[in-house]
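Numbers restart at 1 for each chain; the letters A, B, ... are given by sequence-line order, proteins then strands.
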Amino acid sequence: MNLDGLNDVQRNAVLATEGPILVVAGAGSGKTRVLTHRIANLVEAHDVFPSSILAITFTNKAASEMKQRIESLVGPVTSQMWVGTFHAICVRILRRDGDKIGYSSDFVIYDTTDQKALVKSCYKTLGIDEKMTPVKSSQFKISAAKNDMISAEQYERDHHGDFREREFIKLYKLYQEKLKQNQAMDFDDLLLKTIELFKTNPEVLHYYQKRFRYIHVDEYQDTNKAQYTFVRYLSANHQNLFVVGDGDQSIYRWRGADIRNIQEFEQDYPGAQIFKLEQNYRSTKNILSLANSVIKHNPGRREKNLWTEAEAGEKIQYYLAYEEKDEARFVLEQIKKKIRDEDYKRSDFAILYRTNAQSRAFEDAFMLDGMPYKVVGGAKFYDRKEIKDLMAYLKLIVNTQDDISFQRVINEPKRNLGDKTVEKIQNHAAMLGVSMLDACRKAAEIEGITGKALQNIEAFYEMIMGLKANLDTHFVTQIFDGLIEKSGIIEAYEREGSIESDGRIDNIYEFRVVIEEFEKRSEDPNLRDFLAETSLMSDQDSLEDENNSVLLMTVHASKGLEFPAVFIVGLEDQLFPSFRSMDDEEALEEERRLCYVAITRAEKLLFVSHARNRNHFGRFEARQPSVFLKEMAPEFMEGLEEKKFAQTFPEPKTKPVSFFDIKPQKKQGKSTVKVGAEPVQEKMAIPENSGFKTGDKIMHKAFGTGMIVTVDKDKDTLTIVFDAHGIKKLSASMAPIKTIG
DNA sequence: CACCCCCGGTTTTTT
DNA sequence: ACCGGGGGTG
């Protein structure tokens, strides 16, 4: 094991193998390096089985990056390790052993939209008024309880006799019941149900404890109680727990993260060894000094003395804008200047803001100027209605118990099945104690449903069940193509004929590409796993660097990333720090950490700006500078001339429309170029004769690899010589085959 | 009973 | 962009 590239502290942390270990890793101090080298060292120098290694991260992106870096050190055995997010690892465990707590391995995952629909349906049952109790607040309250590991029953015991909580207690209980009935889990449940599994099935817990001899957790400061408990269970016997984190970068308190988990690590795990990584390899002295000048205002933090050997570098550039358009213009001009005069490229720049809504002014300015940019997060691909609809279809195909997905798609596209009919199906299902889809099996028995509506329901049932019958024999793309064809979703959008529906059709094809990519990448591509993967994917994960665009994102989304040049914008009172943190000291400290995270993303150049005025809720408001600006030590900063950028700038040529009307740029490589009157059909690779030719190497789901020796297009028949199963004649459109590179 | 169009509200951070 | 409500139409 070559440890030459590591400094002393890093090397000592890597070489400490047994027992609980905390690595306090300041920003840019090489924590991923330590983590990956430690894992490599275990495997290479201590003969630890790769399958005994568990490494947990918060985002998929961090997980795949870690996997790659481990692989570059120890090679393909990496695939035997479990490296993933808390949620993904819990899904994996629950797929295997969830049956022991009453969940089928086909359970589906509910995202926040599904969750919202479920809460609403509970409201309906309980007669709760949305205007009195906003659905969002209930969602939040349920999630907060779950993050603290308070079950509905526990919540009831805790608030016994409190009449203000009676409604919520009923709601929480019903919500959990319905989740179970639907064989569904929300994000928080993935953790909680895994813990429940460990609690109630000691032999299952024992299996995983024995299997995962070495456990690693990245960003430990962001763990909540459930995540803490999950790790505690797994490490209880051998205590080989290696956690890496930085209290100064804890920014998820609102999501239940408890900074005490890292602060009290030594008490929780007696005998823990502690290593402090304090040398920063990322930023210039000026940037680091500025970061320190801000974070030192937080009381009670673990003392850390981050230092660097790097040069002082340029001073931090400060700018006060007239209003947000001016601020955007300033950023644009600076980027253009740096690209023109120095050796910077567009993708070296990141613009970091507190709220997603702030991206708009920058998008307008960049679009007007033709500057390529990419917004990370914000309007998400997977949040599009048509994608959500298709996801719901696929979820229903996998899990027919899922009433929420059923209700989403039963009348999408329009089948003349409105609210009243859906209600009748629901009542009938409740009476029989079955799912809504099951109730449609004998739709004729549902009271008050006849004629056209009855036929449509029957056809819907047949469609879903027909597609489901192919689950184990067909590729996901084939099921998807079947769904597109049978549901008529494309035709419905074509009939609309609007620009908007064209966009939706494009998105559907783009979604198909996502599925194709999943199939290529996955060893055993199945719909269940595709759905789980997509449900747990965040937009940060799809971030690809080299497309040479300026990046726009929230500070939260920037965590774990670094950029040569960073703009921190909107440093105003009530915005950053957020107005919600004003009367709460702990919340303000978290905002300050957020500011610290933002500053420490920068390698060479840092710009900070704010505006005198800002459009807010449609009003033009005067703004005050952020308290964090005042905390930034002025000796590391210099102001730029304000007036130069304060001239009036042309309005974007786009029609002035709603605040939310943001037009994201097409993702590179995925956008479809429109060519004349090209028939839509040709854009989609339909299974029939989808480009198989003689000599193609193929993979069959059951027969394995083989080669095509003849193609009979008219008869849709392929003759294939399989490596292990001899010669077979198969249907090009029906057989589960795909070409392999 | 279902559909369509128009209008208004939405704006912290997200696995 | 999406959702929900209101009101008109078929």
Side-chain angles (χ1 to χ4, degrees), chain A residues 56-63 84-91 109 111-113 116-117 120 130-131 134-136 140 143 146-147 186-191 219 222-224 226-227 251-257 352-360 376-381 383-386 388 411 413-424 448-453 456 496 500 503-504 507 535-541 553-559 570 574-581 587 590-591 593-594 597-598 614-619 657-664:
Chain A
I56 310 174
T57 62
F58 273 82
T59 66
N60 294 297
K61 184 170 194 286
T85 63
F86 274 104
H87 294 88
I89 282 161
C90 287
V91 168
I109 300 165
D111 64 17
T112 44
T113 312
K116 188 175 163 196
K120 276 191 179 185
E130 272 187 50
K131 286 184 192 90
V135 176
K136 252 195 176 164
F140 187 80
S143 181
K146 288 185 175 185
N147 285 156
D186 61 19
F187 288 142
D188 304 316
D189 266 3
L190 294 174
L191 260 307
E219 308 275 17
D222 283 331
T223 50
N224 62 30
Q227 289 156 340
I251 56 174
Y252 286 104
R253 194 181 76 118
W254 52 275
R255 214 169 72 189
L352 309 183
Y353 37 75
R354 181 65 181 82
T355 68
N356 278 308
Q358 286 168 260
S359 72
R360 193 214 172 199
V376 180
K380 298 176 199 143
F381 180 70
D383 276 354
R384 299 285 169 73
K385 183 191 173 303
E386 59 278 13
K388 285 225 168 269
N411 199 30
K414 297 280 171 275
R415 297 187 181 89
N416 281 294
L417 304 172
D419 292 349
K420 294 289 168 189
T421 306
V422 172
E423 213 166 290
K424 283 172 198 162
I449 291 184
T450 51
K452 201 73 191 248
N456 288 343
E496 276 181 35
E500 194 188 324
R504 293 192 194 279
N507 286 335
S535 301
L536 294 175
M537 192 148 71
S538 72
D539 263 29
Q540 214 191 136
D541 299 327
M553 69 187 87
T554 62
V555 181
H556 281 91
S558 76
K559 195 163 90 151
Q574 310 286 316
L575 182 60
F576 193 1
S578 152
F579 66 100
R580 291 187 197 254
S581 63
E590 173 140 322
E591 296 281 321
R593 291 193 292 268
L594 199 53
V597 167
R614 187 173 292 271
N615 269 303
H616 194 56
F617 291 102
R619 280 193 308 271
V657 265
S658 138
F659 200 88
F660 288 86
D661 187 22
I662 295 169
K663 336 82 200 155

>> Would you say A/Arg580 places a side-chain N or O within less than 4.0 Å of OP1 or OP2 belonging to B/dT12?
In response: yes
>> Whole angstroms only, please: what is the CZ-P distance between A/Arg354 and B/dT13?
In response: 7 Å
> Is the aromatic ring centre of A/Trp254 closer than 5.5 Å to the centre of the six-membered base ring of B/dT13, with the two planes inclined by less than 30°?
Replying inline: yes
> Rounded to the nearest Å, what distance is computed from the CD1 atom of residue A/Ile251 to the P atom of nucleotide B/dT14?
Replying inline: 9 Å
>> Tell me the interatomic distance from A/Leu352, atom CG, to B/dT12, atom P, rounded to whole angstroms.
In response: 19 Å
>> Over all strands shown, is A/Phe58 touching base, sugar-phosphate only, or nothing at heavy-atom distances under 4.0 angstrom?
In response: sugar-phosphate
> A/Asp188 has an atom CG; how far is it from atom P of B/dT15, in whole Å?
Replying inline: 13 Å
>> Could you work out, with salt bridge (charged side-chain N to carboxylate O under 4.0 Å, His left out) as the rule, every residue matching A/Arg580, not counting sequence neighbours?
In response: none
> Mind checking what makes side chain to side chain contact (heavy atoms under 4.5 Å, CB included) contact with A/Asn147, not counting sequence neighbours?
Replying inline: A/Ser143, A/Asp188, A/Asn224
>> Just N and O in the side chain of A/Asn147: are any of them under 4.0 Å from OP1 or OP2 of B/dT15?
In response: no
>> My understanding is that only residues two or more places apart in sequence, or in another chain, count here; which of them pass side chain to side chain contact (heavy atoms under 4.5 Å, CB included) with A/Lys388?
In response: A/Asp111, A/Thr113, A/Asp383, A/Arg408
> Tell me: NZ of A/Lys61 to P of B/dT14, nearest whole Å?
Replying inline: 15 Å
>> Among B/dC1, C/dC2, B/dT12, which nucleotide has an atom closest to any side-chain atom of A/Glu591?
In response: B/dT12
> A/Arg504 near the nucleic acid: base, sugar-phosphate alone, or nothing, with a heavy-atom cut-off under 4.0 Å?
Replying inline: sugar-phosphate
>> Using the salt bridge (charged side-chain N to carboxylate O under 4.0 Å, His left out) criterion, which residues pair with A/Lys120? Sequence neighbours excluded.
In response: A/Glu130
> Looking only at atom types and distance, does a side-chain atom of A/His556 sit under 3.5 Å from a main-chain N or O of A/Ile251, one as donor and one as acceptor?
Replying inline: yes
Considering only nitrogen or oxygen atoms on both sides, find all protein atoms under 3.5 Å from nucleotides 3-8 of chain B and state each distance.
from	atom 1	to	atom 2	distance (Å)
B/dC3	OP1	A/Asn416	N	2.8
B/dC3	OP2	A/Asn411	ND2	3.1

>> What is the separation between atom CG on A/Asp186 and atom C1' on B/dT15, rounded to the nearest whole Å?
In response: 11 Å
>> Is there a side-chain contact between A/Asn356 and the phosphate of B/dT12, meaning an N or O under 4.0 Å from OP1 or OP2?
In response: no
> DNA chain B: A/Leu594 or A/Asp419, which has the more 5' nearest nucleotide?
Replying inline: A/Asp419
> Quick one: side chain to side chain contact (heavy atoms under 4.5 Å, CB included) partners of A/Thr450, sequence neighbours excluded?
Replying inline: none
>> Between A/Lys136 and B/dT11, is there a contact of a side-chain N or O with OP1 or OP2 at under 4.0 Å?
In response: yes
>> Run the side-chain contact (heavy atoms from CB on, under 4.5 Å) test on A/Val91 and A/Leu536 for me, step by step, so that the C-alpha distance in whole Å, both residues' side-chain angles and the decisive distance to 0.1 Å come before the verdict.
In response: CA-CA 10 Å; A/Val91 168; A/Leu536 294 175; 3.8 Å; yes
>> For the backbone of A/Arg354 and the side chain of A/Gln358, can you confirm whether one donor and one acceptor N or O come within less than 3.5 Å of each other?
In response: yes
> B/dC1 phosphate, OP1 or OP2: any side-chain N/O from A/Lys424 under 4.0 angstrom?
Replying inline: yes
N/O to N/O distances under 3.5 Å, protein versus nucleotides 8-10 of chain C:
none

> OP1 or OP2 of B/dT12 sitting under 4.0 Å from any side-chain N/O of A/Ser581?
Replying inline: no
> Which is it for A/Asp186 and A/Lys146 under the salt bridge (charged side-chain N to carboxylate O under 4.0 Å, His left out) test, yes or no, and what are the steps along the way?
Replying inline: CA-CA 10 Å; A/Asp186 61 19; A/Lys146 288 185 175 185; 2.7 Å; yes
> Roughly, in whole Å, what's the span from CG in A/Asp383 to P in C/dC2?
Replying inline: 9 Å
> Looking at residues at least two apart in the chain, or sitting in another chain, which of them share a side-chain hydrogen bond (donor to acceptor under 3.5 Å, both in side chains) with A/Thr57?
Replying inline: none
>> Test of understanding: with salt bridge (charged side-chain N to carboxylate O under 4.0 Å, His left out), list the residues that count as partners of A/Arg614, not counting sequence neighbours.
In response: A/Glu327, A/Glu572
> Taking only residues two or more places apart in sequence, or in another chain, which ones meet A/Lys420 in a side chain to side chain contact (heavy atoms under 4.5 Å, CB included)?
Replying inline: none
>> Please enumerate all residues that pass salt bridge (charged side-chain N to carboxylate O under 4.0 Å, His left out) together with A/Glu219, with sequence neighbours excluded.
In response: A/Lys31, A/Lys559
> A/Val422 or A/Thr57: which one's nearest nucleotide on DNA chain B is closer to the 5' end?
Replying inline: A/Val422
> What is the distance, rounded to the nearest whole Å, between atom NZ of A/Lys559 and atom P of B/dT13?
Replying inline: 16 Å
>> I want to verify a distance call: between B/dT11, C/dC2, B/dT13, whose nearest atom is closest to the A/Ala357 side chain?
In response: B/dT11
Listed pairs, N/O of protein and of nucleotides 3-7 of chain C, under 3.5 Å:
from	atom 1	to	atom 2	distance (Å)
C/dG4	OP1	A/Lys120	NZ	2.2

